[in-house]
Amino acid sequence: MSEQPIVEDIPEQMRVRRDKRDRILNSGGQPYPVAVPVTHSIAQVRDAYAILEADVETPDVVGVAGRVVFVRNTGKLCFAAIQDGEGNRLQLMVSLAAVGEESLAAFKADVDLGDHVFAQGRVGTSRRGEVSVFVSTWRLAAKALRPLPVLHKELAEDTRVRQRYVDLLVRPLARETVRQRALVLRSLRESLHGRGFIEIETPMLQTQHGGATARPFVTHMNAFDIDLYMRIAPELFLKRAVVGGIEKVFEINRNFRNEGADSSHSPEFSMLEAYEAYGDYLSMATLTQNLVQTAAMDVFGTTTVRHANGEEYELGGEWPSITLYGSLSEALGTEITPETPVPALQALCDAAEIAGDPRHANHGKLVEQLWEHHVGSGLTRPTFVKDFPVETSPLTREHRTTPGLVEKWDLYVSGFELATAYSELVDPVIQRERFENQARLAALGDAEAMRLDEDFLTAMEHGMPPTGGMGMGIDRLLMALTGLGIRETILFPLVKPEERQ
RNA sequence: GCGCCUCUAGCUCAACUGGCAGAGCAGCUGACUCUUAAUCAGCGGGUUCGGGGUUCGAGUCCCCGGGGGCGUACCA
């Protein structure tokens, strides 16, 4: 060891690996070569030679590379397993007879768990029958300076999320979840494209936030010197597109809401919104059931999915519909209607010890709170809950038969809200009144109330066709399919930085 | 936001009512041409999350701060 004044205060195992890197460089080697001559993937070799009997050597020469996940250095014959990004493994056998004394010694000295290694040699099998490359030459493909965690123990949850790349290396389910999410997105897009929907992208930076009731993130644009909002929903722009004649339109993209984060909420989350001119909330229900069931089939080949806790969940068949007021009345044993006065609802909330903010205790919010408490928490199988109070749904048209209701459903799957859909409000005069009501709520201190959007109203005044619209949380769809928490369905979820003082 | 639990070696975890900070894997040295969580012999490795306090003595008790988990409230 040289006595440099720069004594790095790093753990022993990292120091050892840095020393190895230095030694390789100093002896004219290259710990990070620009390229290695790979001829076959690990999976290709495994698949092609899976039928070999034990203890044979073929004349076929391959060049393979992968991350070292197992090393066994014995006297004159070393074993290593290299792994690809999908978790496929291939054994390398490095023998004194094949590579010579110097190369064998270098292998023992330089190769650590976690390194990327390239090897060339004949394919064969070990005496135990494992498909292996009998290495004739090898070299480092990339030196890892940090040790791999123990492969046989679960990583701490914190590490799994903060260092997802490590999680992906060591935990098959982490890799599987990434693949499943990609398949779900692909399935949704293919289903929608197959029905003639066009995918568009609408602004994420908005001068005015709208389309949902939520608190936004605020940012600032220097060039115009104005505040901008990260969008809370794409709804109002997708509707502008419908006004413009894109009659079947959808977007799959991120929304941002400046609210709580827990096992089913993330400050940024992915959302599918789809709008269909001349559709309504009933046609959107059919579409939604179909999208979800097709996604389950495309990912798992069945609508009976198995959740992370081992339980089966049935997504197949026709999903039942209940009405909000009907199911609540049934659960309470007393009739609740859009005419039920606020004091009576408040009394029921008090009786059930539901704490609400009394400043905005209107009929709609109270009914929804009661429903959540008495009905929603008990729903298990996929269920459409239909016909909501008008106060809480300012973008939804009035019910075609029942005054005081709007044509909206929420879809509940495995205990949480997966999707929602409306027969969209398209009358610009009523839409303006609804916005004005929201503005009154905002004035009373409701931070989530919608803002009046003149530009959107102008678009609607140009004539919006009768339209059905639907929104579905992509992360939540993954949750419904896998039973995982939202932070496991998102590859790199937001984590609090660790403050160092 | 509130409540409860938690943070110890690279990783996963021990450490009794406060009394010398340990194990497995990983690492280092050596042996081994069929290992695959190899085996054998030996050796290193610690800001016990940070700061303060109580005490002869703190990983352990108290206070402040930070991270994480669970529950609960609001939102998808």
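The chains referred to below are lettered A, B, ... by the order of the sequence lines, with proteins before strands, and numbering in each begins at 1.
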Q. Quick one: stems for RNA chain B, with Watson-Crick or G-U pairs under 3.5 Å, at least three in a row?
A.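 Stems found: B:1-7 with B:66-72, B:10-13 with B:22-25, B:27-31 with B:39-43, B:49-53 with B:61-65.
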
Can you tell me how far [atom1] in [N] sits from the matching atom in [M], rounded to whole Å?
N      : M      : atom1 : result
B:rG59 : B:rU48 : C1'   : 5 Å
B:rA38 : B:rG27 : P     : 10 Å
B:rA58 : B:rG18 : C1'   : 6 Å
B:rG66 : B:rA26 : C1'   : 29 Å
B:rC63 : B:rG44 : P     : 40 Å

Salt bridge (charged side-chain N to carboxylate O under 4.0 Å, His left out) partners of [X], counting only residues at least two apart:
X        : answer
A:Arg146 : none
A:Glu407 : A:Arg400
A:Arg381 : none
A:Glu488 : A:Arg160, A:Arg164, A:Arg171

Q. For residues A:Asp84 and A:Asn88, is any side-chain donor paired with an opposing acceptor at under 3.5 Å?
A.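 A:Asp84 vs A:Asn88: donor-acceptor pair found between side chains.
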
To the nearest Å, give me how far apart [atom1] ([X]) and [atom2] ([N]) are.
X        : N      : atom1 : atom2 : result
A:Arg160 : B:rG69 : CZ    : C1'   : 12 Å
A:Leu52  : B:rC34 : CG    : P     : 21 Å
A:Glu417 : B:rC74 : CD    : C1'   : 13 Å
A:Ile10  : B:rG45 : CD1   : P     : 15 Å

Q.
Would A:His152 count as stacking on B:rC25 if stacking means ring centres less than 5.5 angstrom apart and planes tilted under 30 degrees?
A. no

Please write out the pairs of protein N or O atoms and N or O atoms of nucleotides 28-31 of chain B separated by less than 3.5 Å, giving the distance to one decimal.
| residue | atom | partner | partner atom | Å |
| --- | --- | --- | --- | --- |
| B:rC28 | OP1 | A:Lys20 | NZ | 2.8 |

For a quick check of understanding: with a heavy-atom distance under 4.0 Å over all strands, which category does [X] fall into, base, sugar-phosphate or nothing?
X        : result
A:Glu448 : sugar-phosphate
A:Arg162 : sugar-phosphate
A:Asn258 : nothing

Q) Partners of A:Tyr412 by ring-ring contact (aromatic ring centres under 6.0 Å, His included), sequence neighbours excluded? A) A:Trp371

(Q) Just to verify, what does A:Phe79 make a ring-ring contact (aromatic ring centres under 6.0 Å, His included) with, not counting sequence neighbours? (A)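 Applying ring-ring contact (aromatic ring centres under 6.0 Å, His included) to A:Phe79 gives none.
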
Q: With sequence neighbours excluded, give me every side-chain hydrogen bond (donor to acceptor under 3.5 Å, both in side chains) pair touching residues 70-81 of chain A.
A: none

Q: Output every pair passing ring pair (Phe, Tyr, Trp, His ring centres under 6.0 Å) with a member in residues 89-113 of chain A, not counting sequence neighbours, ordered by first then second residue.
A: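 The answer is A:Phe107-A:Trp138.
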
Q. Do any pairs count as a ring pair (Phe, Tyr, Trp, His ring centres under 6.0 Å) and have a residue in residues 41-61 of chain A, sequence neighbours left out, and if so which ones?
A. none

Dump the pairs, protein N or O against N or O of nucleotides 11-15 of chain B, anything under 3.5 Å, distances to one decimal.
| residue | atom | partner | partner atom | Å |
| --- | --- | --- | --- | --- |
| B:rU12 | OP1 | A:Ala156 | N | 2.7 |

Q) Hey, is the side chain of A:Arg146 poking within less than 4.0 Å of OP1 or OP2 on B:rG10, counting only N and O atoms? A)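 No, A:Arg146 has no side-chain N/O under 4.0 Å of OP1/OP2 on B:rG10.
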
(Q) On RNA chain B, compare the nucleotides closest to A:Arg257 and A:Gln13; which residue's is nearer the 5' end? (A)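 It is A:Gln13, whose closest nucleotide lies nearer the 5' terminus.
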
